[in-house]
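Working notes, structure below.
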Amino acid sequence: MQNPTKGAETAYLAAELRLPTNWLDYTILGIYFVVVLGIGFAARRSVKTSLDFFLSGRSLPAWITGLAFISANLAATEILGMAANSAQYGAYTVHWYWIGAIPAMVFLGLVMMPFYYGSKVRSVPEMLLLRFDKWAHLLSSALFAFAAILIAGVNLYALAIVVEALLGWPQWVAIVVAGAFVLAYITLGGLSSAIYNEVLQFFVILAALIPLVVLGLKKVGGWGGLTDKLTAEHGANFTTAWGGTGIGSANPLGANWLTIVLGLGFVLSFGYWTTNFAEVQRALSAKNLSAAQRTPLIAAYPKVFIVFLVMIPGLVAAALIPGFGTADSGYQYNDAIPYLMEQLLPNGVLGIAVTGLLAAFMAGMAANVSSFNTVFTNDIWGRYVVRGREDAYYVRFGRLITVIGVCASVGTAFLASSFSNIMSYLQTLFSFFNVPMFVVFIVGMFWKRASAKSGFWGLLAGTVAAMVNYFWIYKQGIIDIPTDQGANFVSAIVGFVAGAVVMVAVSLFTAPKPAEELQGLVYGTTSPGMSEPPAAGDDAWYRRPALLGWGAVVLAAACYIPFSF
């Protein structure tokens, strides 16, 4: 059964959502844009080498990279998409955070960052070059560059439809303005400019979402009033995390506990957080290995609580409008945040909320564009097309490819138009591109026998299998999967299994890499760059990665308890 809310006509927000903005709101927005460009000009002074442009010279402290790490993920597609998830599926949204993010972020910090940072690679695909061969490297680079442009396009398209609905700006104006500002500050200051702007954007986004949550809960009579209304309208399972997820049971999400745990909690989650260079790049810019490890762990703590800021608005919208997201209601699921902004926020606060949404769009787009220019310049152009040029040439080319990347994002923006829930579209992309890369990484990292050729074939098999499952088995109705999200979980599992099976089969018939070439690339081996003496004061609790990591896992597990029954 197909999701009845899908269709080209659902690409636009409801016309009734026009915001009553005034000069105060636009003043706040203007100040934000001035500060953004100011950060870009300030960061430009620190760009002297390609390492400065693409990885901030590996010089940033952990608290900066940690906030940038979470801000790069907290894009407007995340905000609108997770609010849409909540309006459509209810409290099941917590799974995307407490088992669909925190464990993988901790795994990245404690297990994988020593390999990434210790090997001194500039990108995630470069790790595949060291562990496997140039074919695995080239394929992963091309797939990542393509996916980064698609995801940046999602941010631009979502920005355009939101700004058109809320402010009345034509879509092309919104795209040009946001794209121009992102292009300006990344071209000026490279990754440092993107990261410092992401730190600013993190606090602006919080300032936008917190009033929306507080006023939304007040509108529906608090948490008790919210759950009562939702239970009456949608049933008891709508406000619990695990209700109705038994195998064979029906629930709003269209997935059982096994597909949630394996498809989302393991495959999709670990595939995204451990191999998505748009995130890992922030950790690689840290000043040392300890700071790199702590980057995703510091980010895990706000991630535990951000779910409330994006889930509650979706639940409130579903409680206020019966049948929210269906054709009869006049709204689609993506309308949840804009609807509450229009209904609840006064001028001034409204300006902060609009600025927060724009900041979120720009953070998401900037993260993907900055990772795209690094991979394309270093892993494709500098490795296979124009090799051995002076360092300044690659900085100039990095700025040029940034312009091309932003323009290409505009061209891919409208591919998201057929999805009422843009988070479903993003999860589909992750199942195609991140999951196969994760299986190649995890097999290569923990199995010495994995041969050089197995990386390419495992990556190709996993990508093709995930696409076949989604476009043929699901879309053509070969197997009945109730929702897009359920299909994404299944596609992720299929892609992971196919990639792993092919890697094992190919490895058994091809020669492994020599043991000396695997030092520092396979678990249980070491290299000089993978360890460092502790600095003075590193015994403080906030400097101990293992303590930070397990603390985040325990905190996320504790938050599950009220939603489990």
Side-chain angles (χ1 to χ4, degrees), residues 102-133 136-137 140 262 265-277 279-281 283-284 286 288-297 300 434-459 462 495-497 499-508 510-534 544-550 552-553:
I102 304 301
M105 295 167 76
V106 171
F107 184 82
L108 171 64
L110 298 184
V111 177
M112 295 190 71
M113 281 315 303
F115 291 91
Y116 283 137
Y117 200 91
S119 62
K120 299 301 180 185
V121 295
R122 291 192 175 196
S123 69
V124 168
E126 192 175 350
M127 276 291 293
L128 296 187
L129 176 65
L130 299 180
R131 175 59 184 88
F132 296 102
D133 59 16
H137 172 248
S140 64
L262 293 181
F266 176 59
V267 181
L268 270 174
S269 170
F270 279 69
Y272 175 80
W273 290 104
T274 65
T275 66
N276 182 20
F277 185 49
E279 298 292 338
V280 176
Q281 187 180 27
L284 289 179
N288 54 36
L289 175 58
S290 174
Q293 284 191 277
R294 284 181 284 129
T295 293
L297 305 180
N434 292 100
V435 168
M437 192 176 294
F438 170 63
V439 68
V440 172
F441 264 90
I442 208 71
V443 171
M445 183 179 294
F446 288 97
W447 191 36
K448 293 181 182 179
R449 181 64 179 79
S451 68
K453 294 184 182 300
S454 70
F456 171 83
W457 291 109
L459 183 58
F496 183 89
V497 171
V501 168
V502 169
M503 285 191 72
V504 171
V506 171
S507 296
L508 294 178
T510 54
K513 294 191 75 169
E516 60 272 15
E517 295 183 18
L518 299 179
Q519 292 300 308
L521 301 174
V522 179
Y523 197 78
T525 65
T526 59
S527 68
M530 289 183 65
S531 60
E532 56 184 25
R544 294 165 64 184
L547 184 60
L548 273 175
W550 286 114
V553 171

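Not counting sequence neighbours, Lys453 has no partner by the salt bridge (Lys or Arg N to Asp or Glu O under 4.0 Å) test.
The minimum heavy-atom distance linking Met113 with Leu289 is given by the pair O-CD1, 3.9 Å. Here the closest heavy-atom approach between residue Trp447 and residue Met503 is recorded as CZ3-O, 4.4 Å. Of all heavy-atom pairs spanning Leu130 and Val121, the tightest one is CD1-CG1, 3.6 Å. Of all heavy-atom pairs spanning Val502 and Gly458, the tightest one is CG1-N, 4.0 Å. When all heavy atoms of Val106 and Val553 are compared, the pair lying nearest together is CG2-CG2, 3.7 Å. Minimum heavy-atom separation, Ala136 to Gly455: CB-C, 3.8 Å.
Rounded to the nearest 0.5 angstrom, Asn434 CG and Phe441 CZ are separated by 11.0 Å. To the nearest 0.5 Å, the span separating OH on Tyr523 from CE on Met445 amounts to 10.0 Å. Between the CE atom of Met112 and the CD1 atom of Ile442 there is a distance of 5.5 Å, given to the nearest 0.5 Å. Rounding to the nearest 0.5 Å places CG of Leu128 at 12.5 Å from CZ of Phe456.
Counting non-hydrogen atoms of other residues, nucleotides and ligands closer than 6.0 Å to CZ of Phe446 gives a total above 12.
Trp457 places none of its side-chain heavy atoms less than 4.5 Å from the side chain of Thr510. A heavy-atom distance below 4.5 Å is found between the side chains of Leu284 and Phe277.
Using modelled atom types, one side-chain atom of Ser140 and one backbone atom of His137 make a donor-acceptor pair closer than 3.5 Å. No side-chain donor-acceptor contact under 3.5 Å links Thr274 to the backbone of Leu108. Put simply, the side chain of Tyr116 never gets that close to the backbone of Met127: no donor and acceptor are under 3.5 Å apart.
Tyr117 and Gln293 share no donor-acceptor pair across their side chains, judged by distance under 3.5 Å alone.
Between Phe266 and Phe496, the ring planes lie perpendicular to each other; the angle is over 60°, past the 30° to 60° tilted range.
Note on residues 121-133: pairs passing salt bridge (Lys or Arg N to Asp or Glu O under 4.0 Å), not counting sequence neighbours, are Glu126-Arg383.
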